[in-house]
*Asks:* 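Quick one: this structure, given as structure tokens, is what I'll be asking you about.
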Amino acid sequence: MDTNQIASILKSSELFPIPQGLKLSYGTAGFRGDAKLLESTVYRVGILSALRSLKLGSATIGLMITASHNKVSDNGIKVSDPSGGMLSQEWEPFADQIANASSPGELVSLIREFMEKEDITIGEKSAEVLLGRDTRPSGESLLRAAEIGVGSILGSVAIDIGILTTPQLHWMVRAKNKGLKATENDYFENLSVSFRCLIDLIPISGNKISKLLVDGANGVGGEKIEELRESLSNLDLEIRNTGRDGGVLNESVGADFVQKEKVLPLGFGSNDAGVRCASLDGDADRLVYFYVPLDSSSGEKVELLDGDKILSLFALFIKEQLNALDDDDKEGKQSRLGVVQTAYANGASTDYLRQLELDVVFAKTGVKHLHEKAAEFDIGIYFEANGHGTILFSESFLSWLVAKEKDLTARAQAGSEEHKAVSRLVAVSTLINQAVGDALSGLLLVEVILQHMGWSVEKWNELYKDLPSRQIKVEVPDRTAVVTTSEETEALKPLGIQDAINAEIKKYTRGRAFIRPSGTEDVVRVYAEASTQEAADSLANSVVQLVKSFLGSS
Ligand SMILES: CC(=O)N[C@H]1[C@@H](OP(=O)(O)O)O[C@H](CO)[C@@H](O)[C@@H]1O
Ligand SMILES: [Mg+2]
């Protein structure tokens, strides 16, 4: 690193002194915290992203300024690698180190050391970083901090691509690095063209299209889905909680709220009984469905169709298409379909997926872990119960599918059941975001599959019945006192807590419970499942008491 470069970092870092006592970790999904404390962090992640681009031969990197489902006063930053996936986990320790460096001098020496280790040189090539943000008011000034961070690495270019959903940014980064059209318009066009293609392949046409109510969480998703609606037919959408009607981001609205609390979001009521509803989270990478049953006497009861149910619907549809492939093909090309869940997946969903004879594997919480496992299959479907997920197609399987489609057309087999199935799979691969979970593309796929099957939301819900479950957040003085096994289902620390949890679990039929420290909020999460709602609640509450007595409550 030459003296000009050192001077550039020293000068810009003076603008963003680190708040006293700030200690951050890259966590489940990047850095998050009170927005007022994050300028130095975001500036430093700007530097990291420029270095990442240089390391990868000037590939385009993405930076997203968002705190997803957190409250509006929080914000955060996460990095997209050139593939559109999350930042390589190998770089997370460096992210932690520079985010916590206490002075400009320490920052420079950490960067110098890391560049030497990673063999990164500045000056030969230029770095490129796309910057996006959600609708949080703090986003604008944090974006400036990121720009200055990127710009402090000489010869680097930061491109502000404005207010976007997290999955849009990841999609654009991926497309850009593949040399494809990569603007927001291209994203919308891609969705509408592949959606149209799947609609045209529906076996029975002419079914009446029923209305879908969308809860936009008062965030960026509502805005974007309104834009997308312009280019869609075969959907009847009504969008609420767009953020323009005075509602607060994520406050009693959005996918995280609906999934965790199992209640209706603001703006929805008993008048909506029987109507299919969908809820997005604050940065539109999560999607859940819900409805109020028509026979619900209280009007408050909500039937939730979470990520597990979306995963099951997708798995069923993909399996149906794979089954329609000619037997000779299946022998020639063993298509491995697999699904990935986390410990938060409802036990009934796992039983159902196994009944479908699917390969079900488990990953740690956080999409970076699920994505990695899903990429091992020809078609890998992953979902967190909270509604973050997607379907990955391996490059080799996709090339095989495309060649197969051409071959069938050449053999005048266009219109055969096999040809249709192949075309559907190809269209799903372009509709569904290959970079990260995407509420917009997920919603379009759910809608087209329901039309394909001729199913109502109730019928879809009947695939299996969720085991009653309860999730509770516990505020404790130090959540890092909880250390779990790599599967996250057993607590190794504090010593003795797991035995106490096990003793509680034993008291319940189909009881299951675990605790883990959140990677995005300052809480310990408690999850419990049992054969009745009362039992799940009671098991969760006894585990909460154990957490409080072992860790103290704050
Ligand atoms: C139980 C739960 O929903 N955890 C969420 C939440 O992580 P925590 O580490 O549990 O705070 O936010 C992550 C990022 O959005 C998401 O990937 C994950 O599934
Ligand atoms: Mg999110």
*Asks:* Could you please spell out the steps behind the salt bridge (Lys or Arg N to Asp or Glu O under 4.0 Å) verdict for R136 and E140?
*Replies:* CA-CA 8 Å; R136 281 163 216 267; E140 206 167 338; over 6 Å; no

*Asks:* Taking salt bridge (Lys or Arg N to Asp or Glu O under 4.0 Å) as the cut-off, I'd like each qualifying pair that reaches into residues 304-319, sequence neighbours left out, listed once.
*Replies:*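 Residue pairs with at least one partner in residues 304-319: there are none.
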
*Asks:* Among all residues two or more places apart in sequence or in another chain, which pass the side-chain hydrogen bond (donor to acceptor under 3.5 Å, both in side chains) test with K211?
*Replies:* E238

*Asks:* Between E458 and S456, does any side-chain donor sit less than 3.5 Å from a side-chain acceptor?
*Replies:* yes

*Asks:* Centroid separation under 6.0 Å, is that true for the rings of F268 and F290?
*Replies:* yes

*Asks:* With S210, which residues qualify under side chain to side chain contact (heavy atoms under 4.5 Å, CB included), at least two apart?
*Replies:* R276

*Asks:* Answer yes or no: does atom CD of E475 have more than 12 heavy-atom neighbours from other residues, nucleotides or ligands under 6.0 Å?
*Replies:* no

*Asks:* Do you see a donor-acceptor pair shorter than 3.5 Å between the side chains of Q259 and N386?
*Replies:*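 No pair is found: no donor N or O on one side chain lies under 3.5 Å from an acceptor on the other.
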
*Asks:* Mind checking what makes side-chain hydrogen bond (donor to acceptor under 3.5 Å, both in side chains) contact with E488, not counting sequence neighbours?
*Replies:* T365, R516

*Asks:* Does a side chain donor of either R32 or N70 reach within less than 3.5 Å of an acceptor in the other side chain?
*Replies:* yes

*Asks:* Is a side-chain donor-acceptor pair under 3.5 Å present for T484 with E490?
*Replies:* no

*Asks:* Scan for salt bridge (Lys or Arg N to Asp or Glu O under 4.0 Å) pairs involving residues 164-189, sequence neighbours excluded, and state none if there are none.
*Replies:*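 Matches after skipping sequence neighbours: E128-K176, K178-E395, E184-K224.
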
*Asks:* So, N433 and T390: side-chain donor and acceptor under 3.5 Å apart, yes or no?
*Replies:* no

*Asks:* Run the salt bridge (Lys or Arg N to Asp or Glu O under 4.0 Å) check on K262 and E303 step by step: do they pass?
*Replies:* CA-CA 8 Å; K262 293 190 195 137; E303 282 293 333; over 6 Å; no

*Asks:* Any salt bridge (Lys or Arg N to Asp or Glu O under 4.0 Å) pairs touching residues 461-471, not counting sequence neighbours?
*Replies:*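 Counting only pairs at least two positions apart or across chains, the salt bridge (Lys or Arg N to Asp or Glu O under 4.0 Å) contacts touching residues 461-471 are R470-D537.
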
*Asks:* Using the test side-chain hydrogen bond (donor to acceptor under 3.5 Å, both in side chains), find all partners of S486 that sit at least two apart in sequence or belong to another chain.
*Replies:* none

*Asks:* Ignoring hydrogens and angles, tell me if any N or O in the side chain of Q434 forms a donor-acceptor pair with the backbone of I391 under 3.5 Å.
*Replies:*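 Yes, because the side chain of Q434 sits within donor-acceptor range (under 3.5 Å) of the backbone of I391.
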
*Asks:* Which residues satisfy the side chain to side chain contact (heavy atoms under 4.5 Å, CB included) test with A363, sequence neighbours excluded?
*Replies:*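 Per chain and number, A363 pairs via side chain to side chain contact (heavy atoms under 4.5 Å, CB included) with V340, H369, L370, K373.
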
*Asks:* Under the ring pair (Phe, Tyr, Trp, His ring centres under 6.0 Å) rule, what pairs show up with a residue in residues 430-468, not counting sequence neighbours?
*Replies:* Y289-W460, F317-H452, Y352-Y464

*Asks:* Mind checking side chain to side chain contact (heavy atoms under 4.5 Å, CB included) for S83 and listing every partner two or more places apart, or none if nothing turns up?
*Replies:*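 Partners of S83 by the side chain to side chain contact (heavy atoms under 4.5 Å, CB included) criterion, ordered by chain and then number, come out as D81.
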
*Asks:* May I ask you to decide if the ring planes of W91 and F94 are parallel, tilted or perpendicular, using 30° and 60° as cut-offs?
*Replies:*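 Ring orientation, 0 to 90° scale: perpendicular.
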
*Asks:* Would the distance check show the side chain of D378 and the main-chain N or O of L337 forming a donor-acceptor pair, the cut-off being under 3.5 Å?
*Replies:* no

*Asks:* Flag yes if more than 12 heavy atoms outside K71 fall under 6.0 Å of its NZ atom; otherwise flag no.
*Replies:* no

*Asks:* Regarding S233 and R196, is there a side-chain donor-to-acceptor distance under 3.5 Å anywhere?
*Replies:*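 R196 and S233 do have a side-chain donor-acceptor pair below 3.5 Å.
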
*Asks:* For D236, check salt bridge (charged side-chain N to carboxylate O under 4.0 Å, His left out) against everything at least two apart and list the hits.
*Replies:*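 For D236, no residue satisfies salt bridge (charged side-chain N to carboxylate O under 4.0 Å, His left out) once neighbours in sequence are set aside.
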
*Asks:* Once side chain to side chain contact (heavy atoms under 4.5 Å, CB included) is applied, do any residues pair with D281, and if so which ones, sequence neighbours excluded?
*Replies:*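 D281 satisfies side chain to side chain contact (heavy atoms under 4.5 Å, CB included) with S68, A255, D283, D285, R286 only.
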
